Amino acid sequence: LAQAQAQAPQGVQQQLQQAQQQLQDAAQNLQQGQPGPAGQAQQQAQQNLDQALQQLNNALAQQGQPGASPGWTAADRS
């Protein structure tokens, strides 16, 4: 995640930072024995990562380059 933040355009960095914070919150929730809030934080992080990937793909498309796809499928999310 840190490498992606360093290489990402400014508009995407905010999405990645939010995802990182949400994953840290999820880890803290799990340490405190709160799996429900941890799951919610993970879902929010996933949404931010999805948005960041979409923004990166849009930027690549404008440059005429193929986009990237996530390492998961919709079935993995449920």
Side-chain angles (χ1 to χ4, degrees):
L1 194 56
Q3 181 182 3
Q5 285 177 324
Q7 296 176 350
Q10 183 65 32
V12 176
Q13 288 184 13
Q14 181 180 2
Q15 304 279 323
L16 295 174
Q17 288 170 351
Q18 288 176 350
Q20 181 179 17
Q21 180 61 50
Q22 289 158 340
L23 290 173
Q24 289 172 349
D25 291 346
Q28 185 176 14
N29 287 333
L30 285 175
Q31 288 176 352
Q32 295 172 352
Q34 300 174 343
Q40 290 174 344
Q42 287 175 330
Q43 287 178 343
Q44 290 171 341
Q46 175 187 332
Q47 290 171 353
N48 279 313
L49 292 172
D50 284 345
Q51 290 172 1
L53 181 61
Q54 184 176 14
Q55 288 177 354
L56 287 172
N57 281 338
N58 289 341
L60 287 172
Q62 290 176 354
Q63 297 174 2
Q65 298 180 26
S69 61
W72 61 79
T73 64
D76 294 332
R77 296 180 187 188
S78 54

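Computed from a predicted model, the values in this text were never measured in an experiment.
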Asks: Mind checking the CD-CD spacing from Gln20 to Gln18? Nearest 0.5 Å is all I need.
Replies: 11.5 Å
Asks: When rounded to the nearest 0.5 angstrom, what is the spacing between CD in Gln17 and CG in Asn48?
Replies: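 With rounding to 0.5 Å, CD (Gln17) is 11.0 Å from CG (Asn48).
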Asks: Which atom names give the shortest non-hydrogen contact between Gln22 and Ala41, and what distance separates them?
Replies: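 Closest approach of Gln22 to Ala41, heavy atoms only: O-CB, 3.4 Å.
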Asks: Any chance CD of Gln54 has more than 12 other-residue heavy atoms, nucleotides or ligands included, within less than 6.0 Å?
Replies: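 Counting neighbours around CD of Gln54, 12 or fewer heavy atoms of other residues, nucleotides or ligands fall under 6.0 Å, so no.
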Asks: Extract all donor-acceptor atom pairs below 3.5 Å that involve side chains of residues 25-37 and protein atoms in other chains or at least two apart in sequence.
Replies:
residue : atom : partner : partner atom : Å
Asp25   : OD1  : Gln21   : NE2          : 2.8
Asn29   : ND2  : Asp25   : O            : 3.3

Asks: If you draw a 6.0 Å radius around CD in Gln51, do more than 12 non-hydrogen atoms from other residues or ligands fall strictly inside?
Replies: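 Yes.
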